[in-house]
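Below you'll find the structure, written out as structure tokens, and then a few comments.
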Amino acid sequence: MDGIPQDKQIGLVNRLTQACGGSYTSEVRRRYFITGPQWAASYQGQAVFHAPVRSPITFETVIEEYSKIGLGYWCTHDTDVIPTNDLFTPRQEEIVSRIKATLAKHDMKCSMITSETFHHPVWAAGPAAESPDIREYTKRRLTNAVAIGHELGAQFCVYWPGMLGYAIQGAIDETQTLRWFADSLNAACDADIEIARKKGRPTLKHCLEAKPFEPQAEILLPTSDSMLAFISSALVKHPEMVGLNPEYLHELMWGAAPRASLARALLSGKLFHFDINDGYRLKHDVDIAIGLVNPLDWLNVLVLLRTHHYNGPFNLDYKPPRTTSNHGVFSVSVPTMVDRFITLWEMAGDVISDPIIKEATDSLKAGGAGADPGDVDSLVRANKELLSLHELIGHRLFQILIGAHRGRTYNL
Ligand code: 3MF
Ligand code: MG
Ligand code: MG
């Protein structure tokens, strides 16, 4: 093949994306509670070892492009859209009203707002630093984000305390730092109650998001489970307002089974919000789009969430790879990821209604007949053949994943 001229490359990418088929219409995509973050699409590909590869884009472009693709919801960090020095000034109000107008123009809603507490130099020692003035600033930032959330009609507010910890051991007192972090969260909830009352709106759902490492070296609330314990400790003043925003990859990063983490959150009634993406176990936070690494696991995650009627947002917290261009973000990255999510969601429905899986799981739950619970050998004998159904269920899930349950065959 000859080299592809630069002016033919976008055409080629578009043609091959189309040739893949299987894309849903924007009307179908809008039926799902999928939320698109400002920071995901505007991420320029920069990191510790990397210079940016994409040019900056504004919220106007992100909102317009998300809407064309068929996303109904957008979310943002405060400083993704309002420069840090413009916060708390008339410039903030002006930007917020421009966001409102842009959302309305493109028939999109703001689902969630989050305060950036990890990037700016003010967070060098984290949001619960020793300096009372910095902690005062943290409270102002969080309550300001809550106010912006209400102004934009959001239902959720997320907190990712990725700088809550230390690099130098012994330099901070962990218990004190956690108390200070709770103080800021409590201030945000108090402010929320007040603003909600004035505006006649429900209070926001405040969602804590754990990540086991990166960017802080040691993190004080590294897992969703540690956050559940924190929420039910006496430190949190309004525990009923606070829940979780687990992220699929953040659970994998510490070697957990995301499905088990989600199950624990569901059982606690705290699965408020869910960041969806993919990646590798025990590695850094690569934020690859859903289904490109662990499609079988993702299918099972969605079976769990469908079975337990999770109805919160699915937030596309991914990072388009550095090989994807600005054009590719909206023509390949976002639509294909949304479509894989929808396909996996629908396949989860196939799993739930599959007669083979149903009969196999019902049989396992019925157990082997004729055992004597007082006789260990009879228990083993009674269930021995039945337990092969575990592996059969695994095979059936694989068949559903590749479409074999609908007759797809190879060299039969
Ligand atoms: C970092 C994250 C964050 C959070 C975001 C929302 C940049 O690994 O996942 O995304 O999701 O700060 O609070
Ligand atoms: Mg996240
Ligand atoms: Mg992540």
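Quick note: numbers below take in every heavy atom, side chains included, and nothing from hydrogens, waters or symmetry partners. Each ligand, and each atom within it, is numbered from 1 in the order the structure gives. One-based numbering along the sequence shown. Values in this document were obtained by computation on a predicted structure and should not be read as measured data.
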(message) Are any of the N/O atoms on Thr114, whether in the backbone or the side chain, positioned under 3.5 angstrom from an N/O atom of ligand 1?
(response) yes
(request) Do me a favour and list the nearest non-hydrogen protein atom to atom 7 (C) of ligand 1 with residue, atom name and distance? (result) Trp39 NE1, 3.5 Å
(message) If the contact criterion is a heavy-atom separation under 4.0 Å, does Glu214 count as touching ligand 1?
(response) no
(message) Which label fits Trp39 and His77: parallel for a plane angle under 30°, tilted from 30 to 60°, or perpendicular past 60°?
(response) tilted
(message) So, using side-chain hydrogen bond (donor to acceptor under 3.5 Å, both in side chains) as the criterion, who are the partners of Arg201 when residues are at least two apart?
(response) His150
(message) Heavy-atom pairs closer than 4.0 Å: do any link ligand 1 to the side chain of Glu247, the backbone, both, or neither?
(response) side chain
(message) Counting neighbours of NE2 on His327 that are heavy atoms of other residues, nucleotides or ligands and sit closer than 6.0 Å, is the number greater than 12?
(response) yes
(request) Give a yes or no on this: more than 12 heavy atoms of other residues, nucleotides or ligands lie within 6.0 Å of atom CZ of Arg281. (result) yes
(request) Taking the Mg ion (ligand 3) as the centre, count the protein N/O/S atoms lying under 2.8 Å from it. (result) 5
(message) Below a 4.0 angstrom heavy-atom separation, can you tell me which part of Lys211, side chain or backbone, both or neither, approaches ligand 1?
(response) side chain
(message) For Glu116, state whether at least one heavy atom is located under 4.0 Å from any atom of ligand 1.
(response) no
(request) Answer yes if the ring centres of Phe181 and Tyr159 are under 6.0 angstrom apart, and no otherwise. (result) no
(request) Could you tell me the residue and atom name of the protein heavy atom closest to atom 5 (C) of ligand 1, and the distance to it rounded to 0.1 Å? (result) His77 NE2, 3.3 Å
(message) Classify the ring geometry of Trp74 against Phe59: parallel below 30°, tilted from 30° to 60°, perpendicular beyond 60°.
(response) tilted
(message) With a heavy-atom distance limit of 4.0 Å, tell me whether Asp275 approaches ligand 1 through its side chain, its backbone, both, or neither.
(response) side chain
(request) Test Leu152 against every option in Cys110, Cys75, Ser97 by the side chain to side chain contact (heavy atoms under 4.5 Å, CB included) rule and name the one that passes. (result) Cys110
(message) Considering both backbone and side-chain atoms of Tyr159, is one of its nitrogen or oxygen atoms within less than 3.5 Å of a nitrogen or oxygen in ligand 1?
(response) no
(request) Indicate yes or no: does an N/O atom of Asn245 lie under 3.5 Å from an N/O atom of ligand 1? (result) no
(message) For atom 8 (O) of ligand 1, what is the closest protein heavy atom, and at what distance to 0.1 Å?
(response) Asp285 OD2, 2.7 Å
(request) Identify, with sequence neighbours excluded, every residue that meets side-chain hydrogen bond (donor to acceptor under 3.5 Å, both in side chains) alongside Arg15. (result) none
(request) Check whether the ring centres of Trp345 and Phe33 lie less than 6.0 Å apart, and answer yes or no. (result) no
(message) I'd like to know whether the aromatic ring centres of Phe341 and Phe314 sit less than 6.0 Å apart in this structure.
(response) yes
(request) Just grab all the side-chain hydrogen bond (donor to acceptor under 3.5 Å, both in side chains) pairs involving residues 389-404, residues at least two apart or on different chains. (result) Asp354-Arg396, His395-Gln399, Arg396-Gln399
(request) Would you mind naming the N, O or S atom of Glu209 nearest to the Mg ion (ligand 2)? (result) OE2
(message) For His120 and Tyr137, I'd like to know if the aromatic rings sit close, meaning centre-to-centre distance below 6.0 Å.
(response) no
(message) I need the atoms of ligand 1 closer than 4.0 Å to a non-hydrogen atom of Val158, numbered in the order shown.
(response) 6 (C), 13 (O)
